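Remarks on the structure that follows.
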Amino acid sequence: MKNKIKEFRISKNMTQQQLADLVFVSNRTIISLEKEKYNPSIMLAYKIALVFNTTIETLYSLEENLKNENI
């Protein structure tokens with residue numbers, strides 16, 4: 001699933017490890033999320049959105065992802 005985690009993280013001058021520590025996951029999880037190789041649980045998506053003071057919908061480009069699914 002497309003997401004903007006890397007964009008948000010870089011805009012905050014935050015490392016992958018720092019983000020991982022804030023949401024209680026490994027840095028490998030953040031790497032996988034940024035590479036769009038892993039879809040997070042709703043709770044993890046929510047925690048990441050909170051860190052960046054945004055919504056899950058914005059963070060995960062849900063409108064764009066829905067278009068790509070032809071829904």
Side-chain angles (χ1 to χ4, degrees):
M1 182 181 334
K2 291 188 179 292
N3 67 69
K4 298 177 182 176
I5 295 172
K6 188 173 185 176
E7 292 171 43
F8 276 90
R9 181 179 59 75
I10 290 171
S11 73
K12 295 264 189 176
N13 289 323
M14 185 180 291
T15 67
Q16 291 170 327
Q17 186 62 58
Q18 288 169 324
L19 177 56
D21 291 344
L22 288 171
V23 296
F24 306 102
V25 297
S26 72
N27 66 330
R28 301 296 304 158
T29 298
I30 302 301
I31 291 166
S32 294
L33 288 168
E34 289 184 356
K35 289 183 176 182
E36 300 172 358
K37 301 289 184 191
Y38 172 70
N39 291 327
S41 68
I42 192 72
M43 286 306 299
L44 179 54
Y46 181 68
K47 288 176 185 177
I48 295 170
L50 285 176
V51 167
F52 297 124
N53 196 31
T54 192
T55 63
I56 293 172
E57 291 87 349
T58 299
L59 188 63
Y60 284 90
S61 307
L62 290 183
E63 191 171 314
E64 182 180 343
N65 281 307
L66 282 173
K67 286 179 188 175
N68 291 336
E69 297 246 342
N70 297 319
I71 295 177

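Numbering starts at 1 and runs along the sequence shown. All heavy atoms count here, side chains included; hydrogens, waters and symmetry mates do not. Worth saying up front: this structure is predicted, and the values here are computed from it rather than measured.
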More than 12 foreign heavy atoms under 6.0 Å from OH of Y46: is that the case here?
no
How close do M1 and E36 get, heavy atom to heavy atom, and via which atoms?
O-CG, 3.4 Å
Side-chain touch I56/I42, heavy atoms, less than 4.5 angstrom
yes
Is M14 close to L22 at the side-chain level, that is, under 4.5 Å between some pair of heavy atoms?
yes
With side chain to side chain contact (heavy atoms under 4.5 Å, CB included) as the test, would you mind laying out the steps for T29 and L44 before giving the verdict?
CA-CA 10 Å; T29 298; L44 179 54; 4.1 Å; yes
Give the minimum heavy-atom separation between N3 and E34, together with the two atoms involved.
OD1-CA, 4.4 Å
What distance separates S11 OG from K6 NZ, expressed to the nearest 0.5 Å?
13.0 Å
For A49 and L59, which heavy atoms make the closest approach, and how far apart are they?
N-CD2, 3.7 Å
CG/N27 to CD/Q17 distance, rounded to the nearest 0.5 angstrom?
4.5 Å
To the nearest 0.5 Å, tell me how far K47 NZ sits from L19 CG.
12.0 Å
Establish whether V23 and Y38 are linked, either directly or via other cluster members, by ILVMFWY side-chain heavy-atom contacts under 4.5 Å.
yes
Would you kindly confirm whether L50 and I10 end up in one hydrophobic cluster when ILVMFWY residues are joined by side chain heavy atoms under 4.5 Å apart?
no
Quick check: do L33 and Y60 have side-chain heavy atoms less than 4.5 Å from each other?
yes
